[in-house]
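Questions regarding the structure given below will be posed in turn.
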2 protein chains.
Amino acid sequence: MFGSYTIKDIAKALGLSTSTVSRALNGSYEIGAETKKLVLEYAEKVNYRPNPIALSLKEQKSHSIGVVVCEVANNYFSQAINGIESIAYNSGYHVIITQTHESAAREATNVQHLLSRHVDGLLVSVSASTTDITPYQYLHDKGFPIVFFDRVAQAVNTHKITANNIKGAFDLTEHLIANGFTRIAHITSSRNLLISSERLEGYKEALQKYNLPVQPEYIKHCENGGMIQDEVEMALQELMTLPERPQALISTSDRITTTCIPIIKRMGFKIPDDVAFAGFTNSDVSESFDPPLTVLRQPAFQMGQMATELLIKTIESKRPIYEYQNELVDTELIVRKSSLKLA
Amino acid sequence: MFGSYTIKDIAKALGLSTSTVSRALNGSYEIGAETKKLVLEYAEKVNYRPNPIALSLKEQKSHSIGVVVCEVANNYFSQAINGIESIAYNSGYHVIITQTHESAAREATNVQHLLSRHVDGLLVSVSASTTDITPYQYLHDKGFPIVFFDRVAQAVNTHKITANNIKGAFDLTEHLIANGFTRIAHITSSRNLLISSERLEGYKEALQKYNLPVQPEYIKHCENGGMIQDEVEMALQELMTLPERPQALISTSDRITTTCIPIIKRMGFKIPDDVAFAGFTNSDVSESFDPPLTVLRQPAFQMGQMATELLIKTIESKRPIYEYQNELVDTELIVRKSSLKLA
DNA sequence: TAAAACTATGCAATCGTTCCCGAAGTGCAT
DNA sequence: ATGCACTTCGGGAACGATTGCATAGTTTTA
């Protein structure tokens with residue numbers, strides 16, 4: 001606080017020692033009732049608030065958690081951060097957010113930076129270009145609390161919160177198949193990302209269930225996670241000029257989904273008449289799209305909350321933790337016009 | 001850092017005192033060349049990083065700035081936060097974000113919370129329901145650095161970054177008038193907000209310039225800033241059942257703009273045939289809307305950057321500042337189909 | 001040659017808090 | 001009356017870093 005009182009001020013004002021004041025404030029049993037009352041009342045009067053910085057130094061805990069995401073200006077992540085903040089705030093932690101912009105190098109320096117700030121734990125969603133996860137492994141081996149959410153580093157055996165990506169992509173694909181589409185293309189993010197392969201997996205499973213062929217030329221990866229407009233454009237270009245053009249597209253990344261729509265239109269295709277579309281996104285305006293978008297929505301807010309709860313529990317755990325949770329949360333398929341039944 | 005070295009460790013390892021090590025690290029001239037080299041090399045070797053918490057305690061500076069916004073999951077604010085982070089990160093500050101959800105009470109506790117965390121300054125965009133700005137006035141009078149952005153507390157004489165709201169709303173309105181609309185309604189946020197009255201002002205100016213009447217029944221305020229679906233629905237309901245129904249609507253708040261579209265459609269009106277629409281929003285998918293939305297875009301990222309630069313300059317200023325900047329940044333009108341010329 | 005000046009380093013206080021340890025005071029049993 | 005336990009409180013170290021001042025050693029200067 002500004003011009004705030006310290007324990008020393010209170011001690012001086014009351015003619016007590018700092019130790020006594022500290023103990024009275026912390027409700028220690030070895031302080032006399034009147035003294036305690038005196039201190040408490042005075043502290044209340046001057047609106048005493050312990051200095052969190054001094055506490056951090058003493059306790060060797062910063063009461064802050066570091067967050068690593070690709071960008072905040074993203075539907076999924078801004079909602080997840082909302083969830084993260086809500087839990088952290090109520091637990092007395094503050095949140096330091098860093099953005100990778102899908103760069104592995106940036107991610108590495110962000111982690112360094114967060115560590116140098118002595119965060120008590122890390123909440124991370126790796127970037128699309130991250131391949132080296134040894135820093136996380138190293139930290140985790142040393143007992144440093146890390147929780148991955150959404151984009152997890154599979155090899156690191158720690159807490160993870162992910163959407164049920166396989167089922168989500170399966171549902172999305174099955175929905176298109178049910179609507180009569182057989183040639184369904186799949187546009188996804190970087191191969192490095194587990195979410196990409198899981199979502200691809202779900203897509204393949206659905207095709208196989210309905211005895212449809214999995215055609216490699218129908219599968220496109222955007223290695224920069226859609227951060228570069230050109231890579232999405234290129235993928236669409238290649239797909240839509242195929243001899244056997246796909247009848248439907250599914251996109252399995254938030255940014256790619258929203259990027260696709262104007263490109264498809266600019267190419268002169270009508271959705272869903274020329275090509276149907278459905279994709280993963282947490283945009284809350286997908287209903288207002290032209291056409292209204294069929295989307296697969298992840299519970300971003302809840303995922304942020306769950307990850308934060310787990311992280312804080314890990315941080316505050318007295319004994320080291322060796323049992324790690326791997327939470328799988330359900331997605332929500334919202335069917336709209338963009339994936340309309342084939343005439 | 002994890003298992004990180006302290007100055008004390010270095011001192012012990014090198015048989016020096018902590019003062020010498022500290023001075024060597026800070027390049028003090030009064031340290032012998034070899035000693036300095038020795039310390040520097042050892043520090044490099046063990047990857048020494050000064051403990052920011054200890055530094056904060058010593059310097060009485062937390063190197064953190066508090067941010068008060070209504071919500072992160074909002075196009076404008078997530079982009080602004082992106083700008084804030086970018087500057088803060090490079091200046092060695094970290095950012096603590098708090099959300100008001102448009103509640104004045106929540107805002108007050110957020111500010112309290114940030115102060116108790118000893119932030120070095122505040123970046124604030126007040127909530128839609130905030131009327132009491134005395135806490136800000138009090139802090140500012142005490143010399144505490146505050147920069148307002150977007151939603152400013154007019155009465156507090158400090159740095160402010162705002163979009164040119166009057167001109168923005170004027171441009172938007174003039175554009176509709178130029179397209180042949182004369183009965184233009186205005187849906188805006190809370191009356192408490194200066195941005196609301198400025199945008200209303202720009203709207204009125206445009207009407208007056210073209211000799212069109214300013215009709216009070218065409219002006220609707222959403223006191224909760226569009227956080228409540230019902231208030232937007234109610235406003236639209238009242239407008240669209242007016243004997244002389246408006247031909248066009250302008251919305252001057254990001255959230256209200258995106259909320260309006262599905263409601264208007266659900267009411268059975270086609271845009272722009274039954275009613276044209278244009279609004280303030282920083283959504284980056286407004287092009288994909290049905291119909292593509294005519295929008296007024298604020299340079300959110302830059303505004304975040306400017307505000308943060310100003311704040312940090314104020315924080316780090318040696319002498320107290322009495323000259324406050326009031327930056328006005330230009331908006332961008334993007335014309336699309338939703339405001340199409342009246343047939 | 002002795003004093004002055006300068007160099008290079010160490011000591012200790014400080015920031016705000018906690019906590020170990022010691023000590024004074026009281027009450028009670030022996 | 002003496003010892004012991006218990007209650008209640010204070011002293012001071014510690015967390016990690018900076019910094020004014022002291023000090024020891026060396027060099028310069030009168």
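Lettering of chains follows the sequences in order, A, B, ..., and the numbering in each one begins at 1. Keep in mind it's a predicted model, so treat the numbers as computed, not measured.
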Problem set entry | A/Y76 six-ring centre to A/R151 NZ/CZ under 6.0 Å and within 45° of normal |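 So A/R151 doesn't make the cation-pi contact.
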For this session: Kindly write out the residues that satisfy side-chain hydrogen bond (donor to acceptor under 3.5 Å, both in side chains) with B/T18, not counting sequence neighbours, or none if the list is empty.
Result: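 None.
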Exercise. Rounding to a whole Å, what distance do you find between B/E34:CD and C/dA8:P?
Worked result: 8 Å
Seminar exercise, completed: Letter by letter from the 5' end, nucleotides 15-22 of chain C scores (B base, S sugar-phosphate only, - none; protein heavy atoms under 4.0 Å) BBBBBBB-
Exercise. Got a sec, which residues hit side-chain hydrogen bond (donor to acceptor under 3.5 Å, both in side chains) with A/S190, two or more places apart in sequence or on another chain?
Worked result: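 If we apply the side-chain hydrogen bond (donor to acceptor under 3.5 Å, both in side chains) test to A/S190, skipping adjacent residues, the hits are A/N192, A/E223.
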Problem set entry | Overall bend - the helix from C/dT1-D/dA30 to C/dT30-D/dA1, comparing terminal axes fitted on five pairs, nearest 10 degrees |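 Between the first-five-pair axis and the last-five-pair axis there is 80°.
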For this session: For A/Y42, enumerate each residue passing the ring pair (Phe, Tyr, Trp, His ring centres under 6.0 Å) test, keeping only those at least two apart in sequence or located in another chain.
Result: none
Exercise. Contact class for A/L16 vs. all strands (heavy atom < 4.0 Å): base, sugar-phosphate, or nothing?
Worked result: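 Sugar-phosphate only.
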For this session: Describe the nucleic acid contact of A/T35 in one word from base, sugar-phosphate, nothing, applying a heavy-atom distance below 4.0 Å.
Result: sugar-phosphate
Problem set entry | For B/Q79, all residues meeting side-chain hydrogen bond (donor to acceptor under 3.5 Å, both in side chains), sequence neighbours excluded |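 Expected list: B/N282.
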Problem set entry | B/F77: partners by ring pair (Phe, Tyr, Trp, His ring centres under 6.0 Å), with sequence neighbours left out |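 B/F77: no ring pair (Phe, Tyr, Trp, His ring centres under 6.0 Å) contacts found.
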Pairs of donor and acceptor atoms involving the side chains of residues 57-71 of chain B, under 3.5 Å and at least two apart or interchain, shall be tabulated with distances.
{"unit_1": "B/E59", "atom_1": "OE1", "unit_2": "B/H63", "atom_2": "NE2", "d": "3.3"}
{"unit_1": "B/K61", "atom_1": "NZ", "unit_2": "B/Y93", "atom_2": "OH", "d": "2.8"}
{"unit_1": "B/S62", "atom_1": "OG", "unit_2": "B/S64", "atom_2": "N", "d": "3.4"}
{"unit_1": "B/S62", "atom_1": "OG", "unit_2": "B/S64", "atom_2": "OG", "d": "2.8"}
{"unit_1": "B/S62", "atom_1": "OG", "unit_2": "B/H118", "atom_2": "O", "d": "2.5"}
{"unit_1": "B/S62", "atom_1": "OG", "unit_2": "B/D120", "atom_2": "OD1", "d": "3.3"}
{"unit_1": "B/E71", "atom_1": "OE1", "unit_2": "B/R255", "atom_2": "NH2", "d": "3.3"}
{"unit_1": "B/E71", "atom_1": "OE2", "unit_2": "B/R255", "atom_2": "NE", "d": "2.6"}
{"unit_1": "B/E71", "atom_1": "OE2", "unit_2": "B/R255", "atom_2": "NH2", "d": "2.8"}

Problem set entry | ring pair (Phe, Tyr, Trp, His ring centres under 6.0 Å) involving A/Y48 - partner list, sequence neighbours excluded |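 Once residues adjacent in sequence are excluded, A/Y48 has no partner under the ring pair (Phe, Tyr, Trp, His ring centres under 6.0 Å) criterion.
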